[in-house]
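One structure is given here, and the rest of the page talks about it.
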Number of protein chains: 2
Amino acid sequence: MSYQLLKENIRRNVNFSDMQIDEICSFFNTKTVKKGEYLLTQGSICKFEGFVTKGCFRIFIIDTKGNENILYFAAEDWWLIDTDSFMNQTPSDLYFQALEDSEVLIIQKADKERLYDQLPLVEKLFRIMSQKALAAWQKRLIRNHCLTAKERYQYFLNTYPNIASRITDRQIAGYLGITHEFLSKIKSKSLKN
Amino acid sequence: MSYQLLKENIRRNVNFSDMQIDEICSFFNTKTVKKGEYLLTQGSICKFEGFVTKGCFRIFIIDTKGNENILYFAAEDWWLIDTDSFMNQTPSDLYFQALEDSEVLIIQKADKERLYDQLPLVEKLFRIMSQKALAAWQKRLIRNHCLTAKERYQYFLNTYPNIASRITDRQIAGYLGITHEFLSKIKSKSLKN
DNA sequence: CAGGATTGTTGAACTTGTTCAATTTTTTCC
DNA sequence: GGAAAAAATTGAACAAGTTCAACAATCCTG
């Protein structure tokens with residue numbers, strides 16, 4: 001059951017009954033995405049939220065200099081959301097790209113609104129999820145200010161070993177906000193110690 | 001009425017009745033804070049959330065190298081929250097310091113929980129507020145990766161002229177994640193153009 | 001208004017990270 | 001399995017940002 005992971009994810013955030021969680025899950029549909037394919041591209045309006053049950057995605061933006069800047073990776077048990085575009089229904093700045101053959105549980109914007117109406121308790125779930133995410137983003141910004149590239153790289157390896165081992169160094173560099181050449185130099189210096 | 005600003009702030013986020021908004025506001029109490037004083041210090045548990053009605057605060061962290069890193073400024077109409085410490089009731093990493101004589105509307109943790117119980121609609125308010133904040137933090141991280149210090153400085157001046165004009169350059173440098181010496185050099189170079 | 005404290009400015013030397021280009025290694029896919 | 005593509009490595013020159021120290025300007029506060 002690919003819904004098992006979603007149910008556990010919800011249960012970790014709120015104390016809902018099995019029936020309520022089943023009802024929430026019934027609003028989601030499975031979608032498979034092949035390696036390299038996009039679930040969202042820059043300029044389109046994000047009409048869904050996703051929860052990854054298999055595979056891995058990168059959520060990135062292409063800046064004015066043409067660099068691919070990675071906001072985050074979403075492997076199993078991660079949410080795949082462009083909060084800004086989904087909330088305001090404005091064109092997205094982001095790309096969601098599968099880095100492996102993947103499977104995602106999708107809820108459409110209109111269905112999510114029906115869900116909020118039908119089960120107001122769900123507001124609490126997404127309130128808590130958003131607050132946790134907010135706290136995590138604030139900590140990440142602080143790390144970006146306080147740590148060197150090497151320290152951020154080591155933090156990433158320690159914190160997300162399961163993701164780090166599956167993706168290329170180019171992707172990691174894009175996440176850390178450095179060039180892949182510099183990441184390579186960091187690694188070779190580390191080995192000499 | 002210092003509650004007027006809070007009411008408008010809530011109304012901008014959700015479409016509640018006047019009575020509901022009044023009820024929410026009744027959970028908040030006014031607190032004055034003198035310039036230089038702290039509302040929260042590193043190591044203590046954040047037991048309140050605040051909404052600034054007068055003055056200006058800086059929310060900062062002191063890192064292992066002793067640098068003061070500013071997460072954000074909260075002037076009138078801004079919320080003063082340590083999401084992580086408030087949510088988990090764990091010791092805070094942050095300091096809330098008044099940069100001017102200030103006035104804040106405060107809601108205590110226990111009262112906020114009563115408010116959620118009494119008026120479940122409030123979940124929606126804070127769900128939306130958190131999602132907006134989340135989107136803003138993601139964009140800020142992208143700016144930190146994609147823009148140079150000079151570009152971030154100009155963005156700050158353009159986006160928050162009301163705050164920029166009230167605080168010292170040292171504070172701005174702490175927000176941008178650069179040294180105040182370098183900010184000074186950026187400014188002198190800009191003038192030569 | 002005097003004077004101590006904080007803030008801002010400037011320069012020189014230094015560190016961190018970038019750019020570009022060439023080469024090697026690994027992966028992909030027919 | 002072999003060719004093409006993508007990823008990783010390395011070096012040299014460069015740009016961005018830091019550090020430290022000295023000095024000037026401003027702002028409190030008694």
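Naming: A, B, ... by sequence-line order, numbering from 1 per chain.
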Does C:dT9 have OP1 or OP2 sitting under 4.0 Å from an N or O in the side chain of B:Ser188?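 No, no such contact exists.
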Please tell me if B:Thr148 has a side-chain N or O lying less than 4.0 Å from either OP1 or OP2 of D:dA16.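 The answer is no; no side-chain N or O of B:Thr148 sits under 4.0 Å from OP1 or OP2.
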Taking the basic N atoms (NZ, or NE/NH1/NH2) and the acidic carboxylate oxygens, is any pair closer than 4.0 Å for [X] and [Y]?
| X | Y | value |
| --- | --- | --- |
| A:Asp117 | A:Arg114 | no |
| B:Lys185 | B:Glu181 | no |
| B:Arg166 | B:Glu76 | yes |

Closest listed nucleotide, where the reference is the side chain of B:Asp169 and the choices are D:dG17, D:dT9, C:dT9: C:dT9
Taking the side chain of B:Thr179 as heavy atoms from C-beta outward, which of D:dT9, D:dT18, C:dT9 is closest to it?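 When the side chain of B:Thr179 is considered, D:dT18 is the closest of D:dT9, D:dT18, C:dT9.
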Specify the separation, in whole Å, of atom [atom1] of [X] and atom [atom2] of [N].
| X | N | atom1 | atom2 | answer |
| --- | --- | --- | --- | --- |
| B:Asn67 | D:dT19 | CG | C1' | 11 Å |
| A:Arg170 | D:dT9 | CZ | C1' | 11 Å |
| A:Glu181 | C:dA21 | CD | P | 12 Å |
| B:Lys187 | C:dG11 | NZ | P | 16 Å |
| A:Leu183 | D:dA8 | CG | P | 8 Å |
| A:Lys65 | D:dA15 | NZ | P | 15 Å |
| A:Ile172 | D:dA7 | CD1 | C1' | 12 Å |
| B:Glu151 | D:dA15 | CD | C1' | 14 Å |

Hey, does the side-chain of A:Lys185 have a donor or acceptor N/O within less than 3.5 Å of a partner on the base of C:dT19?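 Indeed, a donor on one side and an acceptor on the other fall under 3.5 Å apart.
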Which is more 5' along DNA chain D, the nucleotide nearest B:Phe182 or the one nearest B:Lys35? Just name the residue.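 Looking at DNA chain D, the more 5' nearest nucleotide goes with B:Phe182.
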For a side chain to side chain donor-acceptor pair (under 3.5 Å) with A:Ser92, tell me which candidate from A:Thr41, A:Asp84, A:Asp82 qualifies. A:Asp82
Does A:Arg140 qualify as a cation-pi partner of A:Tyr72, given the criterion of NZ or CZ under 6.0 Å from the six-membered ring centre and within 45 degrees of its axis? no
